[in-house]
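The structure is given below, and queries will be raised subsequently.
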Amino acid sequence: MNSHSVISVNSVSNHQDLVIQGDKITSGLQGRIQIPGDKSISHRSLMLGALADGETVIHGLLLGEDPRSTAACFRAMGATISELNSTEVRVQGIGLGNLREPEDVLDTGNSGTTTRLMLGILASHPDRFFTVTGDHSIRSRPMSRVVKPLQQMGAQIWGRKGNSLAPLAIQGQTLNAITYESPIASAQVKSCILLAGLMVDGETTVTEPALSRDHSERMLRAFGAIVKVDPDRISATVVGGATLIGQTVIVPGDISSAAFWLVAGAIVPGSDLTIENVGMNPTRTGVLEALQMMGADIEILNAREVTGEPVADLRVRSSQLRGITLEGSIIPRLIDEVPILAVAAIFASGTTVIKDAEELRVKESDRITVMANQLNAMGAKVTELPDGMEIVGGTALTGAEVDSFTDHRIGMSLAIAALNAAGTTTIHRAEAASISYPTFVETLEGVVG
Ligand code: S3P
């Protein structure tokens, strides 16, 4: 048990309750915040490091449960990865095509990125057999979106429900290059196919309906692969047969984690927060644009580039927000931030409508249903739409018992909502934050003072 005047954490059997007394927050949130490393970039640095020739040194790796799952899987296939810490992780790569057949099932935990990206890598390793599974959430998330294009490349993959659900079994093959028109804007689908394309003859291309995050394209290039992108066609192409060479990677802070403090600073009156070292890749900055459209007071300071990724410090001060409509091509650029944007919308004047975001239904939880139900339990007026939600702003929240549904971003979003709720909010299963933000509660305690 960890206690604080406003925030406390109680262990309840295998889970944790995060208890927040919104009433006791009498002054604004203040301070400078260091956020953990970017989850997407952390996964990719471990994977490409394992597949490269030579050593990769990673500074600023996210120490969350998801990158731990990636590290464990690649260790089981022969890569040597030093103990994970945020200062320096060393990966001794074993060279493209040299992964060993693991003796046991590869456990991807709660991580969709580990599962989907790794499937492309495994399917293209001939003469080796792999089995992959994960937790309850992973076993219910759609895998056909990567299994189908991999099968078009010649992959052999079996799984539950017509090869669409984990556990999955993969007999590695020599694959063929394809051009795949993805029906969804998904970096996990794109990256899976590009990674499979590393080991085939010729050029493998993925097109998408809107641009998703491009960390794979950037990092593959940095490791020596030939990657071509066509912004008009919204396509990425990898040329097979390259050798990857180990690199030094400096992982920027995760804008998806910064988003909690951007919203907290915007909605808690009298706040002034500076979030340091935030990754500002344009395929990820939709949340910033959305908050600015809502009237948030955010200053971009000290903009710089760190190993191929733009980075800046962000200062947020509280302001009156207004409702907006979010739809179309901005959605993939803020998909992980919709839960916390829904919290911002509650404190805005007018109505916020979020559309074209049906992907939220197949994230770590159904983030549309779960967010609507949990926020409404606190007194919000959120209506579910098939592909998003409608939030009527200006409704006061009251503390309630709510649940993360073991989804990290839900638990943290509810904690920020609780800061502005009258009375006490108890967030059940709040330990889910450790997937992407193990130090979340510590930082929360720091900013409430
Ligand atoms: C990720 C891509 C996104 C995102 C996830 C991480 C990645 O998923 O939601 O948290 O690292 O490629 P989709 O690509 O399925 O939209």
Side-chain angles (χ1 to χ4, degrees), residues 36-48 61-62 64-67 69-70 108-121 134 137-138 140-149 164 180 182-196 206-220 234 236 249 251-252 254-260 279 281 283-287 309 329-341 356-368 371 387-388 407-410 412-413 432-433 435-437:
D38 186 276
K39 181 158 78 68
S40 294
I41 297 176
S42 294
H43 283 300
R44 286 158 174 81
S45 62
L46 289 165
M47 289 186 190
L48 295 194
L61 187 90
L62 166 65
E65 294 305 321
D66 271 10
S69 296
T70 293
T108 59
N110 188 245
S111 176
T113 307
T114 312
T115 311
R116 297 200 179 107
L117 270 58
M118 198 169 69
L119 281 173
I121 296 170
S137 157
I138 278 295
S140 66
R141 294 180 68 183
M143 293 300 151
S144 41
R145 57 180 58 199
V146 289
V147 169
K148 282 194 177 139
S164 69
Y180 182 65
S182 175
I184 41 176
S186 161
Q188 294 182 352
V189 171
K190 173 173 63 178
S191 304
C192 166
I193 298 164
L194 293 177
L195 288 167
V206 187
T207 69
E208 32 182 6
L211 186 61
S212 65
R213 63 192 67 189
D214 67 355
H215 304 299
S216 294
E217 294 91 304
R218 287 173 187 247
M219 202 182 288
L220 279 167
I234 322 183
V249 180
V251 181
D254 198 327
I255 192 167
S256 300
S257 299
F260 300 110
N281 179 312
T283 60
R284 298 285 299 282
T285 47
V287 62
E309 292 275 355
S329 62
I330 198 171
I331 296 296
R333 298 175 51 240
L334 51 68
I335 191 72
D336 289 343
E337 290 73 67
V338 172
I340 191 62
L341 283 170
D356 301 324
E358 54 277 284
E359 275 296 298
L360 292 174
R361 296 208 179 270
V362 291
K363 294 292 180 189
E364 285 83 331
S365 68
D366 178 340
R367 288 181 173 163
I368 296 175
M371 272 318 277
D387 61 344
D407 182 331
H408 52 133
R409 299 202 199 281
I410 300 284
M412 291 186 277
S413 299
I435 291 292
S436 63
Y437 204 155

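One-based numbering along the sequence shown. Read the numbers this way: they start at 1 and go in the same order the structure lists the ligands and their atoms.
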Atoms in ligand 1 with a heavy atom of Q188 nearer than 4.0 Å: 1 (C), 2 (C), 5 (C), 6 (C), 7 (C), 8 (O), 12 (O), 13 (P), 14 (O), 15 (O)
Closest protein heavy atom to atom 10 (O) of ligand 1, given as residue, atom name and distance to 0.1 Å: D336 OD2, 2.8 Å
Heavy atom of the protein closest to atom 15 (O) of ligand 1 (residue, atom name, distance): S186 OG, 3.2 Å
Proximal candidate to atom 8 (O) of ligand 1 [heavy atom criterion; set K363, R367, E359]: K363
Residues forming a salt bridge (Lys or Arg N to Asp or Glu O under 4.0 Å) with E309, sequence neighbours excluded: none
Per-atom contacts, ligand 1 versus S40 - under 4.0 Å to a heavy atom: 1 (C), 6 (C), 7 (C), 11 (O)
Residue pair T108 / S69, side-chain donor-acceptor N/O under 3.5 Å: no
Subset of ligand 1 atoms that lie under 4.0 Å from at least one heavy atom of K39: 10 (O)
Working for side chain to side chain donor-acceptor pair (under 3.5 Å), residues S212 and K190: CA-CA 8 Å; S212 65; K190 173 173 63 178; 3.1 Å; yes
Distance, nearest 0.5 Å, that separates OG of S186 from CZ of R145: 5.5 Å
Interfacing atoms of ligand 1 (cut-off 4.0 Å, heavy-atom, A187): 12 (O), 14 (O)
Counterpart residues, side-chain hydrogen bond (donor to acceptor under 3.5 Å, both in side chains), relative to T113 (two or more places apart): Q188
Ion pair R284/D336, N-O distance below 4.0 Å: no
A185 N/O under 3.5 Å from ligand 1 N/O: no
Stepwise side chain to side chain donor-acceptor pair (under 3.5 Å) check, S436 with H408: CA-CA 7 Å; S436 63; H408 52 133; 2.7 Å; yes
Identity and distance of the protein heavy atom lying nearest atom 6 (C) of ligand 1: T113 OG1, 3.4 Å
Short side-chain donor-acceptor distance under 3.5 Å, S191 and R44: yes
Under-4.0 Å heavy-atom contact with ligand 1, by part of R213 that carries it: side chain
Nearest non-hydrogen protein atom, atom 12 (O) of ligand 1: R44 NH2, 2.7 Å
